[in-house]
Amino acid sequence: MEQYPPLLALSLFFAVSAVLFFLFRPEKGFYWLARKNINSRKKVIIEDVLKFLYHGEATNNSINIKDLTRSLNFREQQIFESIRQMTEHGLIHLEGENIKLTAEGNEYALQIVRAHRLWEHFLAEKTGFDKSQWHTKAEMMEHQLSRDETDKLAASLGHPLFDPHGDPIPTKTGQLATQKGKALSQLEPGTVGRIVHIEDEPEVIYRQILAENIHIGSQIKVIENTASRLVFHAEGESFVLAPIVAANLSVAVLEQDETPEEGVTRLSALKENETAQIVQISKEIRGERRRRLLDLGFVKGAKVQVDLPNPLGEPKAFRIKGTSIALRDNQSSKILIKKID
Amino acid sequence: MDNKNIENIIKLSDDLRWNIGNDFHDSLAEGIYADASSIVEETVSTGSQKSRATLDAKIDRIVTSRTWGFPIMFLLLALVLWLTIIGANYPSSFLSWLFLDTMHPALKTLATGINMPWWLNGFLIDGVYLAVAWVIAVMLPPMAIFFPLFTLMEDFGYLPRVAFNLDYLFKKSGAHGKQALTMSMGFGCNAAGVVATRIIDSPRERLVAIITNNFSLCNGRWPTQILIATIFVGAVVPQYLAGFASLAAVIGIALLGIFFMFFTSWALSKTVLKGEVSTFNLELPPYRPPRFWKTIYTSLIDRTLIVLWRAVVFAAPAGAVIWLISNIQIGGESIAAIMINSFDGFGWLIGLNGVILLAYIVAIPANEIVIPTILMLTVLVTGTSGGAGAGVMFEADSALATGEILKAGGWTLLTAINLMLFSLLHNPCSTTIYTIYKETKSVKWTTVATVLPIIMGLVITFLVAQIWRLF
């Protein structure tokens, strides 16, 4: 029988494990990186440049080559080469230092934006990927969907107008719905409105917004707006944000004929021995999950009570329509209620 | 219709879609639900169902309370397992007396009487018959006790409360609270546990529950754990602590299984199962007196007999294979001996031996026949006295005698501990694998569920063996 010294066997094992770990660890593994690199061919670079120019023009910023090399994660040489090709194909033209999209280039860029936002909508409605992953996944998928596939996707999703973050999705003909939101950081104290858009870039700020448990579609009231912080109330809770974070939330100010909702709170805040009536299910709960809640009886006007607290805190059981249903906090915080006596 | 008109209509529909906004699907559906519920409220009268029965509420307060919720749960699970393991001994020894000690010799005599050739006799009676009889004798009684008890608790309405209590822990590992139930069901039988995952309505959590069910120590493995712990772990402590130490070792293995279940659930939901839709809601039904006879009947038919039938179907060929590899000789050595020799080096690396590895390969159909196969193969390769002949599985008269045979086969405390670990962490039995395929209809997930535990088992036993040898 062969005998291996244990130290040798153990060190061999750990060496092999380490190699496998660095190759295949999620996201950062060399194997995945290599695969991604092979994918970042000319097409991807061109499309990313187009998208960057498009977003620049939408916000009235002029963009030169330096902006491109600084902001996009490609080698300078690659970007120069793709700009040369794009000029040849008439997608862009130069105005002095600045690069501008031609009509053709604009149309191409819209197509990419359309694929990106539709894919985010698809991920939100039909899959279980976490919000924080939608953007990265869509960044990859936008380069792979052909025009036909994009149209089919749009049809199967019921031609949505907005992506789950509240960004308008361009139609086949390049039309865009208008979003009437203003940046939350610009609102005066006392303003009442509804969150219509949550920007998902840069990721650091988006993660902070997610951690705050702020929901799209919530009605808010600005309480305080100073240079150092912004305070607003929504759904019975109080939120404090840094102005730079608040700038990434857009709010549609309520029109004259709309009445602000009073006393609306989240189901997760309901206490024992209180009774409440359901106002609505937040827009954050989509697709399958939304229908399931409706099936269980969480419909507008239904009366709800806490049936059982949980020994570990959650899920709590709620009494609704004569049955007892246990919900985790991440769901009950997205059901809006109004307490009744 | 000319093209102009069609274009106009399409334009009109686009404009309408534009104006109607994005939420009309939701608003429409919700409007219908709300209308339906208000119609129900007006027209259906529901006695005095305002607050629910006070008895129900009282029971719920106790079984989900901070103080009593968890102790009650563990006590009930321990009670069910104890009743199963102790209670199954009597019918099991009766069945093994009937099938193994009485019928087997009788069949042998009959076969000799009608001049059956020795190879057919051995193949059919020592191989196929013995494996099937063994599986029935060891498997049927615990399942016939465990499943009805479990189903009674389910019918009473207690099990959903267990899921309710434990959900937070499962949520942390990305799983569904109801996995607590399928996991407990797995303590009875993994195949039944996998079928039970049908109660989980969310596809992602259901897959997690299916793949990790094998980490529940099933009825086929409890006896192995108890036997090995009694022989080897009990022997290293003073006599008066022996019983306690071996019990602690077995419970430790079961708890380790629960740990691996949580760990694997967490790892799966962070990696390969990230994108599957997950929904969670759990209905807590009112308590009701269990329908005793109906429950006994359905749990016997639905759970016990179906699982038993599948096990028998898979055990028969395994018995044949075990007999064949022990009796077909190549170059003066049986196939079994050749395989054992070639496995020995790798077996040593992970603190086991070639006999154990071969036994786990041929006994994939049922964990119940692992120990009898190990005993038979050990006697075959060491040439010690005892045993019932090549390819004939047997069990020694006492734990002591079993220990003697195993020690003659070169077993140490390390072999015993690693066998217990490997018995917990290896591929599911073929009945379970087949059931996983039936439930998931996916070769991919069946492969994951099969290969994942065995990789973990090899890694863990390897680490334990090497670190053990360092000291």
Side-chain angles (χ1 to χ4, degrees), chain A residues 1-7 9-10 13 17 26 123 126-130 133 137 158-162 171 173 175 177 217 280-281 283 286-297 299-302 307-315 317 319 321-328 330-331, chain B residues 14 17-18 21-23 25-26 29-31 33-34 36-38 46 49 52 60-61 64-67 69-70 160 163-169 171 177 201-204 270-271 273-286 344-345 348-349 459 462-463 465-470:
Chain A
M1 208 190 299
E2 307 146 80
Q3 307 258 328
Y4 310 89
L7 266 181
L10 277 176
F13 171 79
S17 316
L123 291 176
K126 308 281 183 189
T127 72
F129 282 104
D130 191 64
Q133 291 174 326
K137 295 237 164 240
H159 298 284
L161 299 183
F162 295 97
T171 60
T173 48
Q175 274 178 295
Q280 66 174 107
I281 302 175
K283 276 190 179 180
R286 301 179 171 88
E288 187 91 2
R289 275 153 268 197
R290 193 177 187 94
R291 280 189 294 279
R292 189 89 182 97
L293 283 178
L294 292 171
D295 283 340
L296 289 170
V299 294
K300 191 174 177 178
D307 191 39
L308 272 181
N310 191 290
L312 295 176
E314 68 167 319
R319 186 127 204 100
K321 295 196 185 279
T323 53
S324 183
I325 306 287
L327 292 181
R328 289 177 177 171
N330 60 6
Q331 279 205 71
Chain B
D14 280 348
R17 183 175 289 135
W18 216 240
N22 217 8
D23 303 329
H25 286 119
D26 286 345
E30 270 148 59
Y33 275 99
S37 77
S38 68
T46 51
Q49 265 210 338
R52 68 204 179 99
D60 266 344
R61 291 283 149 185
T64 67
S65 82
R66 247 170 226 275
T67 337
F70 285 86
F164 177 73
N165 282 345
L166 289 174
D167 180 64
Y168 183 73
L169 300 177
K171 182 195 166 193
D201 46 13
S202 155
R204 190 184 76 85
K270 284 275 173 274
T271 54
L273 282 174
K274 238 173 0 188
E276 307 279 329
V277 181
S278 78
T279 52
F280 174 84
N281 21 63
L282 175 72
E283 196 182 334
L284 301 178
D344 257 341
W348 185 84
L349 200 62
V459 169
F462 168 81
L463 287 177
Q466 300 305 325
I467 291 172
W468 181 283
R469 284 173 191 149
L470 272 184

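Every chain is numbered from 1, with letters handed out A, B, ... down the list of sequences. For clarity, every value in this text was computed on a predicted model and none was experimentally measured. When reading the values below, keep in mind they use all heavy atoms of this one structure, side chains included, and skip hydrogens, waters and symmetry mates.
Within a 6.0 Å radius of NZ in A:Lys300, no more than 12 heavy atoms belonging to other residues, nucleotides or ligands are found. Heavy atoms from other residues, nucleotides or ligands lying under 6.0 Å from OH of B:Tyr168 number 12 at most.
Taking each heavy atom of A:Ala9 and B:Phe462 in turn, the nearest pair found is O-CZ, 3.5 Å. Between B:Gly177 and A:Arg328, the closest heavy-atom pair is N-NH2, 3.9 Å. Across A:Asn310 and B:Arg66, no two heavy atoms sit closer than the pair O-NH2, 4.5 Å.
Listed by chain and number, the residues in a ring-ring contact (aromatic ring centres under 6.0 Å, His included) with B:Phe70 amount to none (sequence neighbours excluded). With sequence neighbours left out, the ring-ring contact (aromatic ring centres under 6.0 Å, His included) criterion links B:Tyr33 to no other residue.
Heavy atoms closer than 4.5 Å to chain B are found nowhere in A:Lys137, neither backbone nor side chain. Proximity to chain A is limited to the backbone of B:Ser65, based on heavy atoms less than 4.5 angstrom apart.
Taking A:Leu10, A:Thr323, A:Leu327 one by one and counting their heavy-atom pairs under 4.5 Å with chain B, the maximum is reached by A:Leu10. With chain B as partner, the option from A:Leu123, A:Asn330, A:Leu312 having the largest number of non-hydrogen pairs under 4.5 angstrom is A:Leu312.
The CD1 atom of A:Ile325 sits 7.5 Å away from atom CG of B:Leu284, with the distance rounded to the nearest 0.5 Å.
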